[in-house]
*Asks:* 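This structure is in C-alpha cells; I'll ask about it shortly.
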Amino acid sequence: MKNLIVRSTLAAILSSSVILPVTAAGADSDKAILNIAPVQRTSWVRNFNPYNQTTFLPTTNEYIYEPLAIYNPMQGGKVHYRLAENIEFNSDATAAVFTLRKGVKWSDGEEFNADDVKFSFDLVKANPALDTRAIWQRISGVEVLNSHQVKFTFPVPDSGAPIEIVRVPVVAEHIWRDVKDPVTFTNENPVGTGPLTEIERFTTRVYVQCRNPHYWDDSTLKVDCVRLPQLANNDQVLAAAQKGELDWFGSFLPDIDKTYVAKDAQNFKYWFPADSMVAFNLNLASTKPGNRKAFNDVHFRRAVSMAMDRNSMVNIAGYGYPTLNEYPSGLGAGYHSWNNDEVDKKFGQYSRYDIKAAKALLQQAGYQDKDGDGYVDNPDGSAIAFSILVPNGWTDWVNTVQIAVDGLQEMGINAKVSTPEATAWTSALIDGSYDAAINAYFAGVTPHLMYNTAFHSSQLDKTRMSSTRFTDPELDKLLDQFYSTTNKAKQQQTMGQIQMIVAENMPFIPVFNNPSWYQYNTQRFEGFFNADNPIAKPQPHPGNPERLLHLLSLKPKS
Amino acid sequence: MDFVLRRLGFYLIAFFFAATFNFFLPRLMPGDPITVMFSSQGNPLPVESLAALKATFGFVDGPLYQQYFAYLKSVVTWDLGSSVKYFPQTVNEALGRSMIWTLFLVGTSTLISFFIGSISGIVAAWYRGGWLDTILSPLSLVLQSIPAVVLALLFMFVFGVALNWLPFSYAYNIELDPAFSLEYIKSVLTHAILPIVSLVIVQIGGYLLTIRNNLINLLGEDYIVMGRAKGLSESRVMFNYGARNALLPSITAFAMTVGVVLGGSLITEVVFNYPGLGNTLFEAIVSRDYPVIQGQLLIMTLAMLSANFVADIAYVYLDPRLRRD
Amino acid sequence: MANQPHLDGTNSIKNTLEIKDLCVDYLLDDSEFRAVNQVSFNIGKGEIFGLAGESGCGKSTIAFAISQLLRPPAFISGGQILLNGQDTLTMDKRTLAATRWSKVSMVFQSAMNSLNPVLTIEEQFRDMFYRHKGYSPQESAKRAGHLLELVGISPDRLKDYPHQFSGGMRQRIVIAIGLALNPDLLIMDEPTTALDVVVQREILLQIHALRKEFGFSVLFITHDLSLMTQLCDRIGVMLKGELVEVGLAKDILHNPQHAYTKKLWQSIPAAFDHQLKQQQAIKQSNVVMEASV
Amino acid sequence: MPSETENTLIRVRNMVKTFNTGKGLHKRQVHALRNVSFDLKKGKALALVGESGSGKSTVARLLTRMHHHTSGDVSYRGQDINAFNSHKELAQYRRNIQMIFQDPYGSLNPAHTIYHHLARPLFTHGHVSNEAQAKAKVLELLRMVELDPESTPSKYPHQLSGGQRQRVSIARTMAIGAEIILADEPTSMLDVSIRLDILKLLNKMKQEQGITFLYITHDIATARYFAEEIAIMYQGQIVEWGDTSSVIDDPQHPYTRLLLSAVPDPHISFSESAEAGQALLDQANLIREQSLAPVTKVLQYNRQHFFTEHEIIK
Amino acid sequence: MANFFKLLRRNKKVSFGLFIVTTYLLIALSAPFITSHDPNDRVARPHQEPSVENVFGTTRMGRDVYHLFVHGTATSLAVGFGAGLIIVVIGTALGVSAGYFGGKYDEFVSLITNIALVIPQLPLLLVLAAFIGEASPLTIAIIIGLTSWAWGARVTRSQTLTLRNKEFIHASELACEPPWRIIFVEILPNLSSIIGLNFLGSIIYTIITEATLEFLGLGDPLAVSWGTMLFNAQNASAMTVGAWWEVLVPCLAIAILGMGLALLNFGIDEIANPRLRTFSGIKRFNKRIKQLRAKQAASSVVQSSSNSKEVAYHG
C-alpha cells in the first residue's frame, strides 16, 4: 500500500519553512543539487541501514544500495538490469542464475562481487528481523557459482521470485561482516554501490547526499547531489513547493491546479498515474448472521457495487486525483495490458454506478423491508445492518465512504460510516472482526500480487488484504500456476482466467485506484517522467525502485 | 524545611501514580506498533520476523507484574528505550532534543506573560476603575477563553501568510547550523516570535486577573494603608506592600497553569511546526510510538511536578510565615 | 516649631489639628452617602483627644481623611483639615507625602494586620526612615533599636518578621514606628480592640507616658467610652457622621449633655461596687432633672 | 469545689482537654483545659471570664459535645454526657443545651431566611407538625426576642443589624427548646448601645423562663451585670470563683486582681492617677507565670468564694 | 427576580455575556427548525462563497457551512454542558464531602485531587482520545469530565472548610440536623457562586479542548461540531485555496461563545465578591471631585460655614 492519499493530519493552515533560495545553499553552487521531498518526517535521524524498513532514510534504497535489477510494472514488468546483467531461469523455473555486472565498485573503492550478494541474503536469513520482505519464503538457497554469478533456488517453480529477490538490498560484505547487531546497526557512513553515497551535510532539518566517486554508471548520472529538507506535513510541502524550493516530490496537495500549478504554470507540474486499487470489502465471515447471509450472496454484493457513485468519489472526495476503476475484476488502468476484455463485457454493468438497476437487482433477489424499519432485510427476514470501517483521519477515504453510504442508504440498505483508529481498522481487517470496510491492495509488478494476497487461501489472516475471506480452489490453482512458468503468453492467459473468477464473484468492490503522488518543477532540471514520457512510476519515495531510473534520467537545465 | 520535605514526598507519590497510569495506558489499547507498521508492508511478514522485531523494540509478552517491574526499573533508571518510528534514536535523545525547544517556548512565554501580566494586574488593581483596569481586565478574560489553536492559526495566517512579516515554521532557518553565532540566534528569535506571542496572549490574562483579584482583596489591609500613611512612595507601597503579598497566592496558581501552558504549547508547536515536545508527542501518537508517548507523559508530569516544587520553594522563600527554624 | 507658617496673623499655633466643617461622602451606585457631616474640632498641642462612637459613625473616616488616605469611592466633599495651620486637603502630592508620618502617624485598628507580613521589622522601619530622613540602613537600624527599647521590646528582634510577635508586641512595634519621626499628631484608631485588657492597659499607659515625654498630640478613636474617659483630655462623641458633643472627659462622664452620650453611658454596666453606686446616683439625678424639666 | 444542690443541671469535675497539634516532628500536645470544675444551676448564670486563649470557649464546645473531653466527669442531670453516643441520645441532650455564638455575622446562614432558621429546629425537634403551627410559633419566638414578627421572617440575615441577628440566634435556641444556653461572648461584637439590650433579653429569659446560662466573656462589667456566679480562667485553669460581687469587689487571686486592675474605669483618669494599678502591672509577667503553674490547693475565702494556689516556680 | 434584572442592568458584562450565551442556546435548541437538511448532505459545489443560498458558503465537500455551524453549536454546547455537569458533580461531591467530613477521608481525597492536578491534562487527553479512537463528542465530553474535576474539587473543598468552621454550621449541628441536610441545605447554597464559576469555567475548557482534539484529528470526523469543521477545513487547506469562510466560521463561533461565557464568569465573580468589580463609578467619582473643587474654588471667596450645626460644646 504505497500511495494512499497521505494523511494530512497535522495542524497548520499553510506552513512554510523559510528557506533561503536553493541556489544560495552551500558554496558548491556549481553542483547540480536536486531538492526532493520523498517522505514527511518531523526530524531526520541518521540511519542508513537498508534492512530497517521502518526508520531508514528515504535515500538509502536504490541511491546508496543499487538493486540487482528493476522490474517496471508500467512497462508490463520489463526488467532494467542494474548490478546484474542477466537473470536466467532453469527449465522448470525452480532456480535462477543472476549474472553480475563486472567492474562495479563499492563507494570505498572495493570491488563488488557475488560474495556480497550471498552474504546479504545469508545476513537476512540469520536475522529474521531484517527479513521484512519474507524473502526466505520465496527462495530456498543462494549459491555462488563464480565471482560474477549467483544461483538462487526456489522451493516451487516460481518465475516471480526474482521480482522479490531484487528488492533485497545488497550490502558490502567487508563492512557488514564486522557489524555486531545488524538489526540495530545505524550505518551512519554508508558504503554503497548506488549513485549517491556521500553524506555531505546532515542535520535533523536537512541533509545532502552526493555522488558516489566510484559509481559504475557515472556517465548517465547528471545529478550531483540530492538535498532533503525535513517537511512534516502536506502543508509544509505545499508551502515549500509554492516557492519553487522543491524539484521533485510527492504529496497530496489540495486543489493542486490552484495551489501549485497556478504559481508557475510553466514549470510547476504533476502527474498522478494510477497506483494501488481501492475497494470496499464485505466480510463473508461476518459474525452477524443477517449480514453474513447477505454478503455471501453475489447479487447483494453486485447491488452494493452498483450503488457506488465512483465519479463523485474520485472528483469530490479525491479532488479528481484518483483514477476511476470500473474494472469488475479490479485490475485497473495501471495493468490494462493484462486486461481480459471478455470480463468487462460480461460483468462490467455491475461495476458502474446505476442506482436504479441496483434497486431492481435487490428486489429481484428478494431483499425487501420485512420488519418495516425502512431498511431492506434478507429474503428470510433477518436484518442487514453494517458499518463501513475507514481509518480515522484519512479524510479522502472518509468522504469516499460517506458517498458510498449515501448510495446504499438511497437503496434502502442500512449502512453507516465508522472511523476507528488506523490500528483498530488494520487489526479488524486482519482478524476478520468487522462487517464492511474500505481497503487498498498491493500494486505489484504484475497484478498477481494483488490477487494472490487478497484471495489465495494460504494468505488468510496474514495481512489485511485477505480481509473479505473469499477463497476459491479454482482461483488458488490459477494463482499458483501464474508464476510457475516464464512464458508470458501463458501468464496472460492465466491472468485472464483469474480476472474472470474475481469479476464473476465480485469478492471486493473496486472503486478507484489511488494516485501516485508526484509533482515536479522544471525550473532547474529536465527529463522528468510524465504522461508524455511515461517510462516508469514517477514517485520519489523509497517504496518505488523505479525512482532510480527517474533520477538517472534527470539533468540540470543549461 | 519540613514543609518542603513533605511536598517532596507528595511529588514522589504523585509521580509514582502517574508512572503507573502511564504503564497501563498503552496496555489497555489493542495492537502494537510493529504489527501495525508491517501489516501494510509489501509482503506478509513471517511470524519469526515479527517476533524478532518485537523483541528488538521491547514489546515482550510476559506476566503483567514482570512487565510492570521492568517498566518501573526503566523509569527509575530513566532508560526509556528506543523510538519505534525513529529507531535507533532513543527516547531520551528524542525527548532531550525537543525538550529544549519546548522549555524555550514555555519558559520565555511564561516569564514574559508572568511579568507583563503581573505588573499590569498590579497596576489595574491599584488604580481600580482606571482605564487600564476597565479595559484590561475583561479583555484578558476574553483572551483567556480563546483556544490556543484558534489564536495560533489566526496569528500564522495574519502575520505569517497574509502580511509575511515573520517566519512561522520551525525553530530556525534550516540552512544554518546550530552555533553560537549572531545569525543563528537572530534566526531562533525571529522564528520564536509568533509562537511565543500567541502563548503569551493565552497566558497573560490568567496572571493579570489572579494578581489583580488578589491585590484588590488586600487593598483594605491595614499594612497597606499604613504603608501609605508612612508617606512611602506610591510604587513602593504598590510593590513592596501590595504586590509582594498578592503574589503569594498567585505563585501556586502559577504552578497550576504550567499544565495549561504545556498543553497550549503542544498545540502551538504543532501549528508552527516547532520542533518541541508537542510535535514529537503528536507524531508519536499518530504512529503509535509507545516508548516515546510514555516518555513524553513522564517528562511532562515531571515538568509539572518540578514547576510545582519550584513554586513551593518560591513560596517558602517569599513568605516568611512558612519559614520555620 | 518656630518656622511653622502662621495663620490669620496669630503668633503661635495653639492647636496641632483643626478640623473645620469636614464632610466626607461615599459614592454609591446611584447615590451618595454622607459618612462625615460637617464635623469640626481642634486638638491642642500635647492633648489627647478622644473620638467616641459606634461602628459606622464616621470616626475612622475622619482619621483617614486627616492624612488623605481615603480611596475612591470615598471623597472629601468639604471642609478644612489644618495640621499645624496647614490645610492637608490642598497640599500637593509631595508636601503631603512628606507630611505623612513625619507630622501625622497612625496606629491602626488591627494589631495583627498593620505590619507587612513579608518584611522584617527592620525593613519596615528602614523604608520609612529612608523616605523621610535618608538614613542609611545602619543608621536606621540603630534608631529602630532605640525605638523598640522605648516600647519595651528587645532591639535584637529587629530581624524578625511580624508573625513572630504577639498581638500586643506588634501593636507596640507600630507605636514605635509611629513615634519614629517625632510626629505632632499620633492617630490611634481602636489600637487595642483585638488585645486583652491587661495588654491594653499596658499599652495605653505607655502611650500616656510617651506623650508626656515627647509632647505629641493624640487622636484616640474607640467605641469604649470608659477607656476613653480614662485616657483622654477631651472627648468628642459622634453619631451617624455628626459630632454631637465635645467636651472635657470629666464633663462627658459626669455631665453628659446629648441624649446619645447619656444612652452610651447607660449601656455600660458597672463593674465595680463604687461604679454601681455612682451610676445609681446619676440615674437619680437624671430622674430629678427630667422631673424638673 | 462548688457545692452541689438539687438544682445542678450540669456538673463538671476535673474536665481536661488536650489537643494534638502539628505533624511529624512538630507534634505537640496543647493542654487547653486543666482540671476545670463548676456547676450550672437551674435558672442561674455562671460567667466564665478570661483572656482570649484561656480556654473558656473550649469549655462550651465540650459541653455541647462538639468535641469530647480528654478526661474528667461531666454530667447532665446526673447522666454522664459521654454516654450519649447514639444520634438519638445526643439529639435529646443537645435539645437541652444550646449555644449562642460570638459573631452575629457568622452564626446565621446567609443563604436562608430568618423563617428557615427558626422553623427548621421546630420541625427537627418535633415541636410543630405543620407549617401553620410553625408560622405561629415563629411569630411567638420573634415577639419573645423583641423583633418585628411581621417583617422579620422573610428577611435574610444580611438585611438585619448585628443586634437583630443575635436576637434571632437567641430565638433559635428557644425554638429548639434549650434549658441551658452557652453564650460565648454574645455581645462582644455588637455596638455598645445594643449590648445591654441583648443582656437584658437574656436576663429576662433567665428570670422568666428559668433558663440556665454559661456566660463566657472577657468583660467583667457585663459578667457582673448578668451572672450570679463568676469563674476566672487563666490558661486552662479556673483560678478563682464564687459569688460575682464577692469575687469582683474582693479579689483574692493575684491574676484576678491583675485582670480587674486593668478594667477601664472612667472615674480613674490616667492623668490624675496614672500609677493606679501600676504596681500590679509591673508584676504582670510574674503573675502570669505563677498562674500558669498547676493548681496545688484550693482556698475558701468566704462561703461562696474560692481561689487557688499554684506550684511555686523558681 | 427583580434584583436579577437590576443586576443585569447594572453589570453590563453579565448582560452582554448572558445575551451571547442565550443566543447560542437558542441556536442550539432550535437547530431542527432553522435548518432544512442534514448538515452532512452535499448540497452544492465545493467551496462556494457565502451567498443567498449558502449564507456561510460551502465546504470542500460541498456541505453548507451554515448548517454545520448550527448543528455544531448544538454539539459543542451539549459537550460543554455535559462535561461541565460531570466536572461540577464530581468536583463538588468530592470537595464538599472532603471538606465537611475531614479526617482520613479528606486526606485521601486531597491526595487524589492533588495528584490529578499535577498530571498534565492536555497531553493525557490527546493520548486517551487517540487510544480510544473514533472519539465521538459524547466520549470526549465524558473523558474530559472524568479527568478535569480536580480544580473544582480543590476549590470547593477549601471553601467548604471555611464554611465548616462558620458558626451557623455549628449551630445546625447543635440543632442535630443530619449531615446530608447540613451539606445540601446549609453548605451547598453558600457554594453556589463557586459551583457556578466551576461550571462556566468547565464549559469553556471543555469546548476549547474538544475543538482542539478534533482539530488534531483525534475525534470522530463524522461528528458535526466546530472542531471537526476546523479539522476538515484544515485538511482541505481552506485558507490556502481562499475558502476563508470555512475556517473563520468555526473560529469565530468558538471565540465568541468563549467570550460570552467568560464575561458571565467574570460577572459572577464580581457579584460573589463585589470588591473585584471593575468599579465603573470611577468616572463619576472624578467628575464629582471636579465639581466639588470648582464649587470650593468659587465659594472660598465667601468665608465658609456660618451654618455650623448644633453641637453640644462644653466649657
*Asks:* Hey, mind stepping through V198(C) and R288(D) against side chain to side chain contact (heavy atoms under 4.5 Å, CB included) and telling me if it holds?
*Replies:* CA-CA 11 Å; V198(C) 180; R288(D) 285 201 183 102; 3.3 Å; yes

*Asks:* If you compare all heavy atoms of H267(D) against all heavy atoms of L253(C), which two are closest, and at what distance to 0.1 Å?
*Replies:* ND1-CD2, 3.6 Å

*Asks:* If you count heavy-atom pairs within less than 4.5 Å of chain C, which of D265(D), D197(D), I248(D), L258(D) leads?
*Replies:* D265(D)

*Asks:* Rounded to the nearest 0.5 Å, what's the gap from CG on L196(D) to NZ on K263(C)? Could you check?
*Replies:* 10.0 Å

*Asks:* Where do S267(C) and S193(D) come nearest, in terms of heavy atoms and distance?
*Replies:* OG-CA, 3.5 Å

*Asks:* Is there a side-chain contact between T229(C) and S269(D) in this structure, where contact means two heavy atoms from C-beta onward sitting under 4.5 Å apart?
*Replies:* no

*Asks:* Evaluate the side-chain proximity of P266(D) to L225(C): yes if any heavy-atom separation is below 4.5 Å, no if none is.
*Replies:* no

*Asks:* When you measure from the side chain of D191(D) to the backbone of S55(C), do you find a donor-acceptor pair of N or O atoms at a distance under 3.5 Å?
*Replies:* yes

*Asks:* Please work out which of the three classes, parallel, tilted or perpendicular, describes the rings of F270(D) and H208(C), given edges at 30° and 60°.
*Replies:* perpendicular

*Asks:* Output the distance between atom CG (D282(D)) and atom CG (L205(C)), rounded to the nearest 0.5 Å.
*Replies:* 9.5 Å

*Asks:* Which residues satisfy the salt bridge (Lys or Arg N to Asp or Glu O under 4.0 Å) test with K200(D), sequence neighbours excluded?
*Replies:* none

*Asks:* I'd like to know which of L204(C), V199(C), L264(C) tops the heavy-atom pair count under 4.5 Å against chain D.
*Replies:* L204(C)

*Asks:* Return yes if some donor-acceptor pair links the side-chain N/O of R201(C) with the main-chain N/O of S261(D) below 3.5 Å, else return no.
*Replies:* yes

*Asks:* Counting only heavy atoms closer than 4.5 Å, note whether D249(D) contacts chain C via side chain, backbone, both or neither.
*Replies:* side chain

*Asks:* Does some side-chain heavy atom of L259(D) sit less than 4.5 Å from a side-chain heavy atom of V197(C)?
*Replies:* yes

*Asks:* Where do P264(D) and Q200(C) come nearest, in terms of heavy atoms and distance?
*Replies:* CG-NE2, 3.8 Å

*Asks:* How close do D196(C) and E51(D) get, counting heavy atoms only, and between which atoms?
*Replies:* OD2-OE1, 3.0 Å

*Asks:* Under 4.5 Å heavy-atom distance to chain D, tell me which part of I48(C) shows up: side chain, backbone, both or neither.
*Replies:* neither

